[in-house]
J.: 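I have a structure I would like to understand better, so I am pasting it below and will then ask my questions one at a time.
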Amino acid sequence: MIEIYAQNLANTWFAVALCDQKILTSSFATSEKTALNYILNNLPFNTPFQLFPKPNPTATAILQAIKEIYAGKDTEVKLNLASEDLPVYTQKVLKATLAIPVGYVTSYGAIAVAVGGGARAVGNAMACNLFPPIVPCHRVVKSDLSLGGYGGGLGVKLEFLLREKRGFTEPKDVSVDGVFLRVFPVEDVLRKYA
DNA sequence: TGCAAACCATAAC
DNA sequence: GTTATGGTTTGCA
């Protein structure tokens with residue numbers, strides 16, 4: 001049985017679908033309806049689900065953690081994502097995206113180099129991200145460090161990056177499955193949109 | 001700058 | 001099988 005929870009935290013609606021403590025899909029939006037619609041659209045077919053008006057303790061902790069991520073904070077909470085049924089390539093892209101630290105961004109092409117495949121394929125994987133904002137697809141931009149696209153609208157993407165400013169000045173490499181992924185300070189992106 | 005061609009995993013037919 | 005479709009990239013005028 002799939003359990004769905006939605007809650008308003010700090011003026012934003014967050015929603016999750018859980019199954020066996022694992023996150024099937026998540027969302028955020030300015031209205032409860034929009035947040036729930038996203039969840040419902042991404043639910044597997046022919047699976048019963050139930051919408052709970054009040055989150056239980058597990059769901060509360062998860063929603064709280066997602067809110068922290070949304071707010072641009074580092075979170076220590078480990079969120080269990082049900083990604084094993086996704087295409088393998090998509091899983092690799094998600095994993096690489098999760099490796100981007102707060103305060104940094106990388107490009108579609110850079111991820112493609114790290115996990116194989118091409119930049120457009122990476123963009124495709126991002127476009128159907130089931131776990132916003134847990135999988136920080138807002139930290140992936142074009143190779144010239146302009147924004148690229150975003151499901152929730154480019155304004156939302158820009159605001160995310162503003163909240164994640166950390167004052168870093170140098171690019172660096174992070175390790176994903178033994179290969180390196182180059183990441184750049186968010187400031188490098190924001191400069192172009194001042 | 002701007003445009004065209006190469007790029008590559010998915011989903012839909 | 002085949003085709004259409006992107007949240008791209010690169011090269012070249």
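Remember, it's a predicted structure, so these values are computed and weren't measured experimentally. Order of the sequence lines fixes the chain letters, A, B, ..., with proteins taken first and strands second; residue numbering starts at 1 for each chain.
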J.: Could you state the CD1-C1' distance from A:Ile111 to C:dG7, rounded to the nearest angstrom?
T.: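 One finds 11 Å between C1' of C:dG7 and CD1 of A:Ile111, rounded.
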J.: Are A:Leu86 and A:Leu24 linked, directly or through intermediate hydrophobic residues, by side-chain heavy-atom contacts shorter than 4.5 Å (ILVMFWY only)?
T.: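 Unlinked, A:Leu24 and A:Leu86 end up in two clusters.
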J.: Using a 4.0 Å heavy-atom cut-off across all strands, classify A:Cys137 as base, sugar-phosphate, or nothing.
T.: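 The residue A:Cys137 makes base contact.
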J.: Base, sugar-phosphate, or nothing for A:Gly116, non-hydrogen atoms under 4.0 angstrom?
T.: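 Nothing, no heavy atom under 4.0 Å.
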J.: Categorize A:Val122 for me: base, sugar-phosphate, or nothing, with a 4.0 angstrom heavy-atom threshold over every strand shown.
T.: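 No contact.
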J.: Report the C-alpha distance between A:Glu3 and A:Tyr5 in whole Å, list the side-chain angles of each, state the deciding distance to 0.1 Å, and finish with yes or no for side chain to side chain donor-acceptor pair (under 3.5 Å).
T.: CA-CA 7 Å; A:Glu3 306 169 7; A:Tyr5 302 92; 2.6 Å; yes
J.: Choose from C:dG6, C:dT8, B:dA11 the nucleotide whose nearest atom is closest to any side-chain atom of A:Asn124.
T.: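 Nearest nucleotide to the side chain: C:dG6.
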J.: In terms of side-chain heavy atoms of A:Lys142, which of C:dG7, C:dT8, B:dA11 is nearest?
T.: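 That would be C:dT8.
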J.: Base of C:dG7, side chain of A:Tyr150 - is there a donor-acceptor contact under 3.5 Å?
T.: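 Check fails, no donor-acceptor contact within cut-off.
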J.: Taking only side-chain N and O atoms of A:Ser107, does any of them lie within less than 4.0 angstrom of OP1 or OP2 on C:dT8?
T.: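 No, A:Ser107 has no side-chain N/O under 4.0 Å of OP1/OP2 on C:dT8.
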J.: Could you check how far CG of A:Asp144 sits from P of C:dG7, rounded to whole Å?
T.: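 Whole-Å distance recorded here is 17 Å.
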J.: Kindly indicate whether a cation-pi arrangement holds for A:Arg182 with A:Tyr104, taking the cut-offs as under 6.0 Å to the six-membered ring centre and within 45° of the axis.
T.: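 Here A:Arg182 fails the 6.0 Å and 45° test against A:Tyr104.
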J.: With the side chain of A:Arg120 defined as its heavy atoms from C-beta on, choose the nearest nucleotide among B:dT10, B:dC7, C:dG7.
T.: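 Closest nucleotide among those given: B:dC7.
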J.: Please report, rounded to the nearest Å, how far the C1' atom of B:dA9 is from the CE atom of A:Met126.
T.: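 Whole-Å distance recorded here is 13 Å.
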J.: Got more than 12 heavy atoms from elsewhere within 6.0 Å of OH, A:Tyr89?
T.: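 Check passes, neighbour count above 12.
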J.: Take the protein atom CG of A:Asn129 and the nucleotide atom C1' of B:dT10, then report the distance between them rounded to whole Å.
T.: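 Answer to the nearest Å: 16 Å.
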J.: Parallel, tilted or perpendicular: which fits the ring planes of A:Phe160 and A:Phe28, with parallel below 30° and perpendicular above 60°?
T.: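 Correct class here is perpendicular.
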J.: Roughly how many Å is it from CG in A:Leu130 to P in C:dG7, rounded to a whole number?
T.: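 It is 15 Å, rounded to the nearest whole Å.
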J.: Mind checking if A:Gly109 touches a base, just sugar-phosphate, or nothing, with heavy atoms under 4.0 Å?
T.: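 Result for A:Gly109 = sugar-phosphate.
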J.: Please determine, for C:dG7, whether a Watson-Crick or G-U wobble partner exists with both distances under 3.5 Å, and give it or none.
T.: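 Across all strands, not a single nucleotide pairs with C:dG7.
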J.: Count the heavy atoms of every other residue, nucleotide or ligand shown that sit under 6.0 Å from CG of A:Asp144, and state whether that count exceeds 12.
T.: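 Counting other residues, nucleotides and ligands, CG of A:Asp144 exceeds 12 neighbours.
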J.: What integer distance in Å separates A:Arg182:CZ from C:dT9:P?
T.: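 A:Arg182 atom CZ is separated from C:dT9 atom P by 16 Å.
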J.: So what does A:Gly149 touch, heavy atoms closer than 4.0 Å: a base, only the sugar-phosphate, or nothing?
T.: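 Answer is base: heavy atoms of A:Gly149 come under 4.0 Å of a base.
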J.: Given atom CG of A:Leu158 and atom C1' of C:dG7, what is their separation to the nearest angstrom?
T.: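 Spelled out: CG on A:Leu158 to C1' on C:dG7 is 15 Å.
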J.: Could you let me know what B:dC7 is paired to, Watson-Crick or G-U wobble, both distances under 3.5 Å, or none if it's on its own?
T.: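 By the stated definition (distances under 3.5 Å), nothing pairs with B:dC7.
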J.: What is the distance, rounded to the nearest whole Å, between atom OH of A:Tyr108 and atom C1' of B:dA9?
T.: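 Nearest whole value for this atom pair: 16 Å.
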J.: May I ask you to say what A:Tyr89 touches in the nucleic acid, namely base, sugar-phosphate or nothing, with a heavy-atom cut-off under 4.0 Å?
T.: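 Sugar-phosphate contact only.
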J.: Would you please confirm or rule out a distance under 4.0 Å between OP1 or OP2 of C:dT8 and any side-chain N or O of A:Ser143?
T.: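 No, A:Ser143 has no side-chain N/O under 4.0 Å of OP1/OP2 on C:dT8.
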